[in-house]
Amino acid sequence: MSEPLQDTLGRPLGSLRVSVTDRCNLRCRYCMPEDDYVWLPRESILTFEETSRLVGVFAGLGVQKVRLTGGEPLLRHDLPDLIAMIARDTRIADLAMTTNGLLLAKHAAALKAAGLSRVTVSLDTLRPDRMRTFAKSPHHGDVLLGIAAARQAGFERIKLNTVVIRGFNDDELIDLIDFARSHHAEVRFIEYMDVGGATRWSMDQVVSQREILETLGRRFGVIRPLTDDSRAPAERFGLPDGTTFGIIASTTAPFCRACDRSRVTADGTWLLCLYAEGGVDLREPLRRGATDAELATIIRDGWRARRDRGAEERLGVTQRGALYRIESLRADPHREMHTRGG
Ligand code: SAM
């Protein structure tokens, strides 16, 4: 076994998020609030063969965890085919997907059969009226059906992602814990981040990990931190009755020092940090006919030079506001969260 690949801060190349499309069927206010977008050119989108080949090269360099995301990954036609291609690679120990759940009921069984190990569903609110105003969608019921279908299809450790925003859903923390518990799922509260399309971000809308714990502690009693995988973004906690939940405190308590994640966009741009200004173009060498060894060299060199600590650096910004204005997102859609894949 060769030495694990490490960046300048000693962080291993561990998990890979693969965005399969930049398109989405929701318009969440914290991610895609605009009326129109500049999309990645269709011909630039990697085929399943290209994506699975890249994943294979990453696996050869130590990646064992892959998460499919987007945009909304279930908008990509025949996604189970890609899942089956990746799942065949025995070096990938964990193949997960993050979805908004709208189309999950239709596809859950096929995703499971194709070899998907785990599903995370984004669920910001339990109130359909809130989803209508906040994500411009009347289909809250479909998300709930999707969660139920995923469980029926045999997905066991379903996670629910909730971005907590003051004045929108911060009064639903307890209800979401109760919902997750009764659906055998685990909720992960995510601090609102000033990334990509969050052009309306401001610090006063961020509900911090500390506040979330205080609210839950008042209702449920003493909360225990659980020791867990130190490289996972969520810190996990336990309630007195054994219910567990996570918090991703990327805004107030970032975890850059342990970050082993990188992202490939649907057009093959490799991003070494969610906050990175730009990425490494892997599509060009791939389509030019580079061998796997040549692609591995590009990735190895890129990771060895990695020094990104984007979220920690944002902590030092005084008068912090949205990272990007809309003009700068239009100039380069790679900066969008829906392109980077959250
Ligand atoms: N469409 C899928 C979904 O909704 O889960 C996958 C892509 S989405 C970009 C991935 C995750 O990023 C979601 O859980 C979403 O809530 C989260 N996200 C997007 N913008 C965010 C922001 N500004 N702050 C925190 N989380 C954000």
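Computed from a prediction, not measured in an experiment: that's the story for all the values here. Atoms considered below: every heavy atom in the structure, side chains included; atoms not considered: hydrogens, waters and symmetry mates. We count ligands from 1, going down the list as the structure has it; atoms in each ligand are counted the same way.
- The distance from ligand 1 to the heavy atoms of T69 drops below 4.0 Å at these ligand atoms: 6 (C), 7 (C).
- Ligand-side atoms of ligand 1 in range of V163: 16 (O), 25 (C), 26 (N), 27 (C), range being under 4.0 angstrom from any heavy atom.
- Between the side chains of T98 and R67, at least one donor N or O sits under 3.5 Å from an acceptor N or O.
- Proximity of N161 to ligand 1, defined as any heavy-atom pair under 4.0 Å, is confined to the side chain (atoms from C-beta onward).
- The distance from the CD1 atom of I177 to the CZ atom of F237 is 11.0 Å, given to the nearest 0.5 Å.
- Side-chain contact between R263 and L274 is present, with heavy atoms from C-beta onward closer than 4.5 Å.
- The part of T99 lying near ligand 1 is the backbone, judged by heavy-atom distances below 4.0 Å.
- Using 4.0 Å as the threshold, M337 has a heavy atom nearer than that to some atom of ligand 1.
- The contact set between ligand 1 and A198, taken as ligand atoms under 4.0 Å from a residue heavy atom, comprises 23 (N).
- Among protein heavy atoms, the minimum distance from atom 3 (C) of ligand 1 is reached at S122 OG, 3.4 Å.
- Numbered from 1 in the order shown, with element, the atoms of ligand 1 that lie under 4.0 Å from a heavy atom of I190 read 25 (C), 26 (N).
- Between the side chains of T125 and E172, a donor-acceptor pair is found at a separation under 3.5 Å.
- The protein non-hydrogen atom at the shortest distance from atom 23 (N) of ligand 1 is M193 O, 3.0 Å.
- Here the heavy atom of the protein found nearest to atom 8 (S) of ligand 1 is G70 O, 4.4 Å.
- The protein heavy-atom contact nearest to atom 11 (C) of ligand 1 is G342 CA, 4.3 Å.
- Geometrically, ligand 1 and V195 share no nitrogen or oxygen pair separated by less than 3.5 Å.
- Heavy atoms of E191 come nearer than 4.0 angstrom to ligand 1 in at least one pair.
- Closest protein heavy atom to atom 21 (C) of ligand 1: Y30 CD1, 3.5 Å.
- Crowding of R91 atom CZ: a count of heavy atoms from other residues, nucleotides or ligands under 6.0 Å exceeding 12.
- Tested against D22 for a side-chain contact (heavy atoms from CB on, under 4.5 Å), the candidates D267, L40, L75, T265 yield a single pass: L40.
- Remark: the E72 side chain and the N100 side chain contain an N/O donor-acceptor pair separated by less than 3.5 Å.
- For R118 and D94, the salt-bridge test passes: some basic side-chain N is under 4.0 Å from an acidic carboxylate O.
- Note on ring orientation: taking the six-membered ring where Trp is involved, the planes of F168 and F134 are parallel (angle under 30°, cut-offs 30° and 60°).
- At a 4.0 Å cut-off, at least one heavy atom of G71 sits close enough to ligand 1 to count as contact.
- In terms of polar-atom proximity, defined here as any N/O pair under 3.5 Å, T98 makes no such contact with ligand 1.
- In this model, no donor atom of one side chain and acceptor atom of the other lie less than 3.5 Å apart for R188 and T120.
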